Amino acid sequence: MLPGAPHLARTADGRLRLEGHVLADLGRRFGTPLFVYSRAAMRDAVAAYQRALQGRPHLVCYAMKANSSLAVLQTFAQAGCGFDIVSGGELERVLAAGGDAAKVVFSGVGKTRAEMRQALQAGVRCFNVESTSELDTLSQEAVALGRVAPVSLRVNPDVDAGTHPYISTGLKGNKFGIAHDEALAAYRHAASLPGLRVVGIDCHIGSQITQVAPYLDALDRVLDLVEAVEAAGIAIHHVDVGGGLGITYTDETPPRADEMVAALLARLDARGHGHREVLLEPGRSLVGNAGVLLMEVLVLKPGSAKSFCIVDAAMNDVMRPAMYEAWMGIEPCLLRAETARTWDVVGPICESGDWLGRDRTLAVQPGDLLAMLSAGAYGMAMSSNYNTRPRAAEVLVDGDQVHLIREREQVADLFAHERLVRD
Ligand code: LLP
């Protein structure tokens, strides 16, 4: 069984296929390392959210930090999504991909004045504001441009999402959001500023969340505030519950998107808030299991303490194992008859932290292709050029179509903006 990925299958001939396309063939044709994504998997993932929200005012804002490649954004824009952005650069990507600024929410704890102006001019739907200082700056910039900035305050509900500390964001000790007990005063302040119009409230408690309960706790805390803020005479239109729904990398059993949404809607109804527009900001759950990273085995180094399977992908292509000790599935693209042994699958980078999977049982030979599973989210988007390694190419499969959506970077691209000094 291949975890989580409905469009990925191993056929009886031992070949791993995505939407029917033989991954080994794609790896040979386009070279490795290579990200391959299934467009159907992305469409199915977003449809699950949209089905559950049908009949309600809603907007699914794809958190594009998970994978911001233009063709991926285009896929979600065509599916009717908005976007959750965290930089001016992401806004430019949305527009380049044909997305609608009026469906963009702008999150982030440190927006520059230039980014605020850019977003005001583009006409984003909402700024998710994280501090009173940001309220002041945003109001000044809006007034200077003769505009009014729609704002939502990101409140920190102080809820434990039960996930990795680096990707937990809704606890008091995190840098994110406005503390729950300061939020009413912040709303009063927002309502008093000339350049702002309060439109909503938002929160985001973390990523790779595998239970519904933290969402419901956070929603309860947010609704307590909505009631207090509206009692103070400030209307709140939408409630944005953030993203964070987990996926199956190995044996996790997160709720399905439609289950999670149904639970949220039931809680909104139960508390008399069923009329509100609901916004969500899913990232990983829309793209994570839609993608794989293909890599070639370069060298086998069997040893007495550890045996290493050295591949041509590395921590610069997928940082998740090095950064969070994340477990990512690794499968041969073609099953071999030989007996398997235990390998640490590692990249060629000069760091012991450059590993992709530890203690994996695989039958491999140099030249074989492997696939890292669930690599569609926070793979390419977090990649780097460490060790002057050009970034991978990306392919999108869509039914019988195969599209190269990003060419492999060339080394010359990497130092195109550098200058030698004149001695
Ligand atoms: N909204 C906000 C405000 C966020 O900060 C994030 C993610 C999301 C939405 C989307 O969360 P998702 O649905 O993807 O869980 N690089 C890490 C994940 C960092 C997530 C940061 N914020 C990883 O590879 O696990």
Side-chain angles (χ1 to χ4, degrees), residues 4 42 45-46 48-49 59-68 72 76 81-87 90 104-111 126-131 134 152-157 161-171 174-178 200-211 214-215 218 222 239-250 252 254-257 260-261 264 279-291 293 315 317-328 356 372-384:
M42 295 181 197
V46 77
Y49 277 96
L59 185 61
V60 177
C61 294
Y62 167 54
M64 60 180 284
K65 62 170 76 71
N67 185 326
S68 56
V72 172
F76 289 117
C81 289
F83 296 91
D84 169 46
I85 66 165
V86 289
S87 69
E90 288 196 342
V104 165
V105 299
F106 190 177
S107 299
V109 69
K111 304 174 186 77
C126 179
F127 289 83
N128 288 352
V129 174
E130 302 216 14
S131 63
E134 185 186 337
S152 157
L153 296 199
R154 175 170 175 178
V155 297
N156 184 333
T163 183
H164 188 286
Y166 282 13
I167 52 177
S168 249
T169 51
L171 280 168
N174 296 129
K175 69 179 174 184
F176 299 102
I178 295 175
I201 190 163
D202 64 286
C203 70
H204 173 78
I205 54 173
S207 197
Q208 187 53 19
I209 299 169
T210 53
Q211 286 160 351
Y215 279 106
V222 164
V239 174
D240 176 348
V241 197
L245 184 63
I247 62 171
T248 303
Y249 287 98
T250 166
E252 305 92 332
R256 292 197 325 259
M260 192 272 284
V261 171
L264 288 174
L279 268 60
L280 291 167
E281 303 169 2
R284 188 191 316 264
S285 54
L286 295 186
V287 288
N289 278 328
L293 172 65
M315 65 188 280
D317 299 300
V318 177
M319 296 231 327
R320 304 196 70 256
M323 196 156 167
Y324 318 111
E325 302 205 337
W327 196 99
M328 312 284 291
L356 301 175
M372 174 186 277
L373 311 187
S374 317
Y378 304 111
M380 182 50 120
M382 290 174 75
S383 64
S384 80

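Order of appearance sets the numbers: ligands from 1, and atoms from 1 within every ligand. Predicted model, so just to flag it, every value in this text is computed and none were measured.
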Can you confirm, on distance only, whether ligand 1 has an N/O atom lying under 3.5 Å from any N/O atom belonging to [X]?
| X | value |
| --- | --- |
| G283 | yes |
| D84 | yes |
| Y378 | yes |

Exercise. Could a heavy atom of S285 be found less than 4.0 Å from some atom of ligand 1?
Worked result: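 It does not, in that no heavy atom of S285 comes within the 4.0 Å cut-off of ligand 1.
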Exercise. Hey, is G244 one of the residues with a heavy atom under 4.0 angstrom from ligand 1?
Worked result: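 Yes, G244 has heavy atoms under 4.0 Å from ligand 1.
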Close side-chain approach of [X] to [Y], heavy-atom, < 4.5 Å:
| X | Y | answer |
| --- | --- | --- |
| Y215 | M260 | yes |
| E281 | S107 | yes |
| P254 | I209 | no |
| S152 | V105 | no |

Exercise. Charged N to carboxylate O below 4.0 Å: is that the case for D240 and R154?
Worked result: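 No, this pair does not count.
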Exercise. Is the closest basic N to carboxylate O distance between K111 and E134 below 4.0 Å?
Worked result: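 Here K111 pairs with E134 in a salt bridge, since their nearest N and O are under 4.0 Å apart.
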Close-contact set for ligand 1 against [X] heavy atoms, below 4.0 Å:
| X | result |
| --- | --- |
| P282 | 13 (O) |
| G243 | 9 (C), 13 (O) |
| S207 | 11 (O), 12 (P), 14 (O), 15 (O), 18 (C), 20 (C) |
| R284 | 12 (P), 13 (O), 14 (O), 18 (C), 23 (C), 25 (O) |
| Y324 | 16 (N), 17 (C), 23 (C), 24 (O), 25 (O) |

Problem set entry | Any donor-acceptor N/O pair, E252 side chain to T250 backbone, under 3.5 Å |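 A pair under 3.5 Å: yes.
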Problem set entry | Side chain Q208, main chain L245, donor-acceptor under 3.5 Å |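 Here the side-chain-to-backbone pair does not exist.
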At under 4.0 Å between heavy atoms, which part of [X] makes contact with ligand 1: side chain, backbone, both or neither?
| X | answer |
| --- | --- |
| E281 | both |
| M319 | neither |
| R320 | side chain |
| F176 | neither |
| R154 | side chain |
| A66 | neither |
| V86 | neither |

Problem set entry | Shortest heavy-atom approach to atom 10 (C) of ligand 1 - which of C203, A63, A326 |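 Selected option, by shortest heavy-atom distance: A63.
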Exercise. Considering the options V222, L279, L264, V261, which one meets the side-chain contact (heavy atoms from CB on, under 4.5 Å) requirement together with V241?
Worked result: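 Single pass found, and it is L264.
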For this session: For residues P255 and T210, report the shortest heavy-atom separation together with the two atoms involved.
Result: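 P255 and T210 have their closest heavy atoms at CD-O, 3.3 Å.
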For this session: List in chain and number order the residues that pass ring pair (Phe, Tyr, Trp, His ring centres under 6.0 Å) with F76, two or more places apart in sequence or in another chain; answer none if no residue qualifies.
Result: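 Ring pair (Phe, Tyr, Trp, His ring centres under 6.0 Å) check on F76 returns Y62.
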